[in-house]
Amino acid sequence: MAVRALWYRRGVLSVLDQRALPGRTVILRLRSVDAVARAIRTLTVRGAPSIGVAAAYGMVLAHRQGKYPPAQAAKLLGSTRPTAHDLFVGIETVRAAWEAGADVQRAADAYRRKVVDECHAIGRAGASLFARSHNVLTHCNAGALATVEWGTALAPLRVARARGARLFVWVDETRPLLQGARLTAWELAREHIPHAVIADNAAGHFLATGEVDAVIVGADRIARNGDFANKIGTYEKAVVAHENGVPFYVAAPWSTFDPRRASGASIPVEERGEEEVARIGGHRLTPRTSRSRNPAFDITPARFVTAFITPGGVVRPRDLARVLARRSAPQ
Ligand code: MRU
């Protein structure tokens with residue numbers, strides 16, 4: 001059955017608690033903007049498009065509560081995670097409706113539908129790249145959990161498979177929070193898509209031995225020149241793919257593109273708590289006196305990207321600025 005990461009009905013945002021997967025299926029019912037902000041901060045809801053949609057409904061709950069003016073609700077939600085551009089698009093979409101006196105729930109519903117439709121379009125646009133048998137490597141989770149439905153990186157694989165492609169997916173475990181091992185593997189297992197989870201430091205080996213035909217990842221923010229932020233570890237996969245002549249694709253809806261950033265140098269990179277590195281599942285791994293560092297994302301330069309898979313089609317990095325300018329030009 002298709003996965004849905006979250007849904008909204010009558011003043012309640014229901015979210016699949018991504019911290020509990022794959023062991024337990026837990027649905028949390030969020031009734032306030034504060035609860036939504038907490039869920040985003042703690043990665044209960046995660047993945048750039050999903051947190052954008054959650055934040056849009058967070059604004060709807062703030063409007064119902066009447067506790068915060070729109071600017072304050074936007075600030076609360078916007079302070080949760082700095083890197084994903086989608087978060088701010090979701091917030092600003094509903095804030096504009098609120099300030100214009102329009103129907104805020106209608107605005108959030110339309111935003112959710114747009115994200116889901118764009119992810120499906122990414123699937124159709126990218127599927128032909130995987131039409132023949134392909135061993136594909138992915139990093140983190142860019143499936144339905146991260147995008148409400150369909151996924152970004154997983155959408156072309158889903159559509160290609162439905163069209164008859166024979167695919168095998170290498171799943172990077174994605175330390176420190178193991179989104180690959182826990183979440184991508186869970187999604188692929190549900191759909192009986194052949195896959196194997198590998199330690200993050202094994203990806204270079206499989207890229208070098210010819211066992212990976214293509215890499216596909218999602219993104220949290222893409223600058224005008226094609227530099228992009230994604231889960232920590234993406235950069236090194238892109239460099240090793242390039243070194244071995246393996247195509248490297250980045251799949252994203254329009255809300256992930258940030259044309260106001262000229263390059264990746266100005267993309268804010270979230271740094272999370274040391275505990276996420278020092279512990280796994282509550283067990284301490286490191287000596288108590290050892291410090292850790294925990295950047296949640298890294299920036300991959302555009303020169304390592306073969307193509308972006310967008311809802312409008314496959315775009316080469318050299319064409320991206322022109323495509324984005326055309327989209328923002330008045331029609
Ligand atoms: O910290 P997370 O789990 O929210 O990070 C998510 C990622 O880095 C995903 O790859 C990205 O959001 C793309 S989602 C389709």
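Heads up: numbering here begins at 1 and tracks the sequence. What you see below is based on every heavy atom in this structure, not just the backbone, and it leaves out hydrogens, waters and symmetry mates. Note that the structure is a prediction, hence the values are computed from the model and not measured. Atoms within a ligand are numbered from 1 in the order they appear, just like the ligands themselves.
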Determine, using ring centers only, whether Phe304 and Phe248 are less than 6.0 Å apart.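 No: the rings miss the under 6.0 Å criterion.
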
Hits for side-chain hydrogen bond (donor to acceptor under 3.5 Å, both in side chains) against Arg132, two or more places apart or cross-chain, chain-then-number order -> none

Do Val246 and Phe228 sit in the same hydrophobic cluster, where Ile, Leu, Val, Met, Phe, Trp and Tyr count as joined when their side-chain heavy atoms come under 4.5 Å apart? yes

Does Arg327 make a cation-pi contact with Trp254, if we ask for NZ or CZ under 6.0 Å from the ring centre and within 45° of the axis?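 Relative to the ring axis of Trp254, which defines the angle, Arg327 lies inside both limits.
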
As a test of reading the model: which N/O atoms of the protein lie under 3.5 Å from N/O atoms of ligand 1, and at what distance?
| residue | atom | partner | partner atom | Å |
| --- | --- | --- | --- | --- |
| ligand 1 | 1 (O) | Arg81 | NH1 | 3.3 |
| ligand 1 | 1 (O) | Arg81 | NH2 | 2.8 |
| ligand 1 | 1 (O) | Lys231 | NZ | 2.8 |
| ligand 1 | 3 (O) | Arg46 | NE | 2.5 |
| ligand 1 | 3 (O) | Arg46 | NH2 | 3.4 |
| ligand 1 | 3 (O) | Gln179 | NE2 | 2.9 |
| ligand 1 | 4 (O) | Gly47 | N | 3.0 |
| ligand 1 | 4 (O) | Arg81 | NH1 | 2.8 |
| ligand 1 | 8 (O) | Asp220 | OD1 | 2.9 |
| ligand 1 | 8 (O) | Asn230 | OD1 | 3.2 |
| ligand 1 | 8 (O) | Lys231 | N | 3.2 |
| ligand 1 | 10 (O) | Asn230 | OD1 | 2.7 |
| ligand 1 | 12 (O) | Ala48 | N | 2.9 |
| ligand 1 | 12 (O) | Asp220 | OD1 | 3.0 |
| ligand 1 | 12 (O) | Asp220 | OD2 | 3.3 |

A side-chain contact here means heavy atoms from C-beta on lying under 4.5 Å apart; do Val116 and Thr147 qualify?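 Not touching, per the 4.5 Å side-chain cut-off.
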
Value rounded to 0.5 Å, distance of CZ in Arg279 from OG1 in Thr286: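 Here the rounded value is 8.0 Å.
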
